[in-house]
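Following: one structure in structure tokens, then a few remarks.
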Amino acid sequence: MLSEKMVSKLNDQIGVEFFSSNIYLQMSAWCDSQGLENCASFFREHATEEMTHMHKIFDYMCEKGAMPVIGELAKPKDNYATIHDVFEEAYEHEKFVTSTINDLVSVAYEEKDWATFNYLQWFVAEQVEEEALFGKVLDKIKLIGTGGESLYFIDQEIGTLVGAEAEA
Ligand code: OFO
């Protein structure tokens, strides 16, 4: 059985994962509007992945006999100056999500809720991967630079990552 505090924190995380999905879906729409098709696919894919994270927590709560409660979600930002800004914000957002997962793990530890503590280790590992992924993309964008044809090459490069996570 989950403690009241654990339930409340897991509900918060459902909101974080839901919001993450919306942020990436909106980023995908922005990329599409700029003709960056591969970047759009990349974020679309990532939005779906975040939704699976939300479902994972939702299902875990149900399995443990608690009722998940979906809270209000903020509106995601829908305008960006450059594709670099999009990835920079995505990277910062992933760092924020890592901090919320770490928080959850701390609560599970304090509550001596070892089942949840153990369950959350998957999310800890996932955040390591996601931060590394967005960090890698940012490095590549910096390498390609902001010259005339850079947008084309950035989009080509991001295209190599589409589908990669699903295969991993
Ligand atoms: Fe849910 O993994 Fe990123 O945020």
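We count residues from 1, following the sequence as given. We count ligands from 1, going down the list as the structure has it; atoms in each ligand are counted the same way.
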Looking only at distances, can you tell me whether any N or O atom of Glu126, backbone or side chain, sits closer than 3.5 Å to an N or O atom of ligand 1? no
Can you label the angle between the Trp114 ring and the Tyr109 ring as parallel, tilted or perpendicular, going by 30° and 60°? perpendicular
Over 60° means perpendicular and under 30° means parallel, so tell me whether Trp122 and His53 are parallel, tilted or perpendicular. perpendicular
Atoms in ligand 1 with a heavy atom of Val97 nearer than 4.0 Å: 4 (O)
Atom of Glu50 closest to atom 1 (Fe) of ligand 1, considering N, O or S atoms: OE1
Residue, atom and distance of the protein heavy atom nearest atom 2 (O) of ligand 1 read Glu130 OE1, 2.5 Å
With a sphere of 6.0 Å drawn around NZ of Lys136, does it hold more than 12 non-hydrogen atoms of other residues, nucleotides or ligands? no
Do Ile101 and Glu17 have side chains that approach each other closer than 4.5 Å (heavy atoms only, starting at C-beta)? yes
Assess Gln127 for proximity to ligand 1: is some non-hydrogen atom of it under 4.0 Å away? yes
Within less than 2.8 Å of atom 1 (Fe) of ligand 1, any N, O or S from Glu49? no
Under 3.5 Å, N or O to N or O, is His93 touching ligand 1 that way? no
Taking 2.8 Å as the cut-off, does an N/O/S atom of Glu17 lie below it from atom 1 (Fe) of ligand 1? yes
Please determine which of Glu130, His46, His93, Glu94 meets the side chain to side chain donor-acceptor pair (under 3.5 Å) test together with Ser20. His93
ring-ring contact (aromatic ring centres under 6.0 Å, His included) partner of Phe43, the single match among Phe87, Trp30, Tyr80: Phe87
Quick one: does ligand 1 sit under 4.0 Å from the side chain of Glu94, the backbone, both or neither, non-hydrogen atoms only? side chain
Restricting to N/O/S, name the atom of His53 that gets closest to atom 1 (Fe) of ligand 1. ND1
Between CZ of Phe117 and OG of Ser106, what distance do you get to the nearest 0.5 Å? 8.5 Å
